[in-house]
Each structure stands twice: as C-alpha cells, then as structure tokens.
Amino acid sequence: MDYNHLEPSLGGLKLIGVRNFKPKHIFECGQCFRWDMVKEGRYLGIVRGKVLEVSEEGSDITLHNITEEEFRDIFEYYFDLEREYGLIKDELSKDPLLKESVEFGHGIRILNQEPFETLISFIISANNGIPRIKAAVAKISEQWGTPISYNGSTYYAFPSPEQLSKASEADLRGIGIGFRAKYVHRTVRAVYEAECLERESLSRKLSDDEALSLEQSLDRIASLPHKLCHNALQCFEGVGPKVADCIMLFSMGKQEAFPVDVWVKKAMSFFYKAPEMSLPKTREFGQEKFGSLSGFAQQYLFYNARENKVKVE
DNA sequence: TACCAGGAAACAC
DNA sequence: GTGTTTCATGGT
C-alpha cells in the first residue's frame with residue numbers, strides 16, 4: 001500500500017500519507033491521453049465514464065468527485081495504489097545509470113487503464129505525437145462516446161466497442177488520424193465481434209470460424225501469459241510489438257513489458273551506450289536487464305528522455 | 001523544405 | 001527472421 005488511510009473531503013477523498021504519487025509525473029509521462037492540467041498541481045481526467053479530478057496539496061492528494069465505494073471498486077486499482085513503488089525504485093536505483101531517471105520521475109505510477117480505450121489510443125499513437133494523439137482521442141469520444149455533465153460542462157466518455165463500431169473508416173479519417181483510420185476501423189470491428197460472440201457462446205455452440213474470432217476478446221487476451229498476450233495483441237491491425245507492449249503494460253497488468261519507441265531507444269543509447277541496436281534487440285536487452293520490473297524502468301526512462309529531450313549525436 | 005512524432009505493414013532478401 | 005520503404009498529418 002502506498003497510502004495510510006482515506007479521509008472524506010468535500011465531494012471527494014483525501015489520501016493521507018500517500019507516497020510516490022505526483023500528478024504531473026503520472027499524467028504527463030505519456031501513458032494516458034485523457035488527463036489535462038486544469039491548474040498547477042490539479043488534473044482532470046475521464047476514466048470509465050466518470051469525470052475525476054486529482055489535486056496535490058503539500059504531501060496530501062485529493063481525489064474529487066468520487067465515493068469511497070468507487071475508490072475501493074475501481075480507482076484504488078486504477079492508480080495502482082496497492083503497490084509499493086518505494087521497493088521498485090530502490091531495486092531499480094541499484095543501477096546507477098537508471099537512478100537519475102528514477103529520481104527525475106519519482107512520482108510516476110503505472111495506471112491500470114481500460115483495455116479497449118488503450119488499444120485504440122495506442123494504434124493512433126503510431127508515428128504520431130502525444131498532443132495530437134490526445135486531440136484525436138478527445139474527438140473520438142465527443143463523436144461516439146456518452147456525454148457526462150460535470151460542474152456545468154459536458155465531457156465525453158471513451159466509446160464502447162459497440163458505440164465506436166458505428167464509425168465508418170471515412171468518419172475516422174475525418175478525425176485526422178490519416179492512415180491509422182483503417183487500422184482503428186478494422187480493430188474496432190474485431191473487438192466488437194468477439195464481444196458479441198462471447199455473449200452468444202453462452203446460449204449456442206459456435207462454428208470454428210466464430211471460435212477463431214472469439215480469440216480477439218480483450219478479456220481473454222488479458223488473461224494470457226506475457227508471450228502469448230504479446231502475440232495475440234498483434235493479430236489486431238495496426239498493432240505491432242511496441243503498441244502491444246504498451247497495451248499490456250498500461251491496461252493488462254503486465255509489468256514485464258518493455259515498449260521501445262524512439263525516446264526509449266534514445267535513452268537506452270544515451271545511458272547504456274547501445275547505439276547501433278535495433279528496436280527488437282533493444283527490447284530484448286531491456287527485458288533481460290530489468291526482468292519483472294521492465295515496464296517501470298521503461299517509464300522512468302521514457303519520461304526523463306522526453307522531458308529533457310535527450311539527444312544521441 | 002526537410003525532418004520529426006510513444007510504428008506498423010508490405011516487401012525484399 | 002532481419003533490413004528498407006511507405007504510409008497521413010501538422011508542427012518546427
């Protein structure tokens with residue numbers, strides 16, 4: 001546990017004695033696309049159809065617009081609060097090259113996000129920039145998601161597979177995601193079909209083809225062990241090794257994943273002097289070095305490299 | 001204008 | 001299996 005106890009606070013909950021929780025680090029380390037800073041130390045996000053705010057006052061953190069029941073059911077896990085990041089940071093800091101990055105991003109926590117939203121968001125992330133990914137995810141939510149009113153404004157939940165299945169490829173292209181529109185469209189269909197078959201399988205026997213489609217059920221994929229999960233995710237259009245690693249790490253609780261993008265590749269070159277290493281080799285190198293803590297190490301490295309614009313001649 | 005952004009697919013070998 | 005090329009889009 002990375003907090004001592006809860007205290008009711010005007011329309012929310014205060015986390016007393018919370019450790020390793022810095023909103024700026026958590027929401028700006030590139031793992032999520034639906035959190036925005038409303039003022040210094042205060043962020044607003046949309047999670048599982050709820051609008052939520054997180055604020056930092058000295059050493060306390062307050063979660064706004066949330067009940068204790070919702071915290072126990074959803075958000076304690078969402079914020080990964082059962083985990084003690086102090087232990088992870090101590091272990092990773094034994095590597096003097098990683099210590100600097102751990103200190104720089106000392107308040108990072110890996111969020112446990114929704115698999116479908118994470119899948120679609122990271123398909124859009126391919127060869128794209130974070131501000132533009134956020135804009136695209138926001139537009140998708142506005143067009144196909146369920147509206148939520150909060151403090152006199154309207155926000156939009158990320159659409160369900162059924163809701164997003166109403167979007168044509170041309171509709172998606174209108175969002176401004178270019179060549180990724182085809183991937184998103186086909187992947188949404190595959191997930192939605194698997195979801196429907198999952199329900200139908202309760203009342204009738206499925207054909208062989210249907211049973212094959214059923215394997216693209218996100219619940220089933222999430223329950224697979226690391227290697228199989230990584231392979232299964234890549235059956236979706238637009239999902240390669242890196243995007244699959246992100247989905248596993250950020251929404252399926254697989255912390256041994258090591259997503260290698262341009263920044264992590266730069267960071268690994270910069271800190272570990274591995275200049276001419278290919279992406280798959282860099283991934284293998286990282287997983288071998290960091291083992292079950294690969295995902296955490298990767299996120300400290302990514303945040304440090306990107307914020308400080310690490311350069312490798 | 002060329003290059004870059006949390007890469008993947010298609011293709012060559 | 002490993003190494004190139006192409007794929008939209010908007011910002012430097």
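In what follows, chains are A, B, ... by sequence order, proteins preceding strands, each numbered from 1. What's counted below: heavy atoms across the whole structure, side chains too, no hydrogens, waters or symmetry copies.
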Rounded to whole angstrom, note down the C1' distance from B:dG6 over to C:dG3. 22 Å
Under 4.0 Å between a side-chain nitrogen and a carboxylate oxygen: does that hold for A:E53 and A:R42? yes
N-O pairing of A:K22 and A:E56 below 4.0 Å: yes
The reported gap from CG in A:L92 to CG in A:L97 (rounded to nearest 0.5 angstrom) is 12.5 Å
What's the closest nucleotide to the side chain of [X] if the choices are [options]?
X      : options              : value
A:V264 : B:dG6, C:dG3, C:dT9  : B:dG6
A:F179 : B:dG6, C:dC7, B:dA8  : C:dC7
A:R132 : C:dG3, C:dG10, B:dG6 : C:dG10

Are OP1 or OP2 of B:dA5 and a side-chain N or O of A:K266 less than 4.0 angstrom apart? yes
Any side-chain N or O of A:R180 less than 4.0 Å from the OP1 or OP2 oxygen of C:dC7? no
Compare the aromatic ring of A:F302 with the six-membered base ring of B:dG6 and state whether they stack according to the 5.5 Å and 30° rule. yes
Flag the pair A:Y3 / A:F21 as yes when their ring centroid distance falls below 6.0 Å, and as no otherwise. no
For A:R186 and B:dA9, give me the distance from atom CZ to atom C1', rounded to whole Å. 11 Å
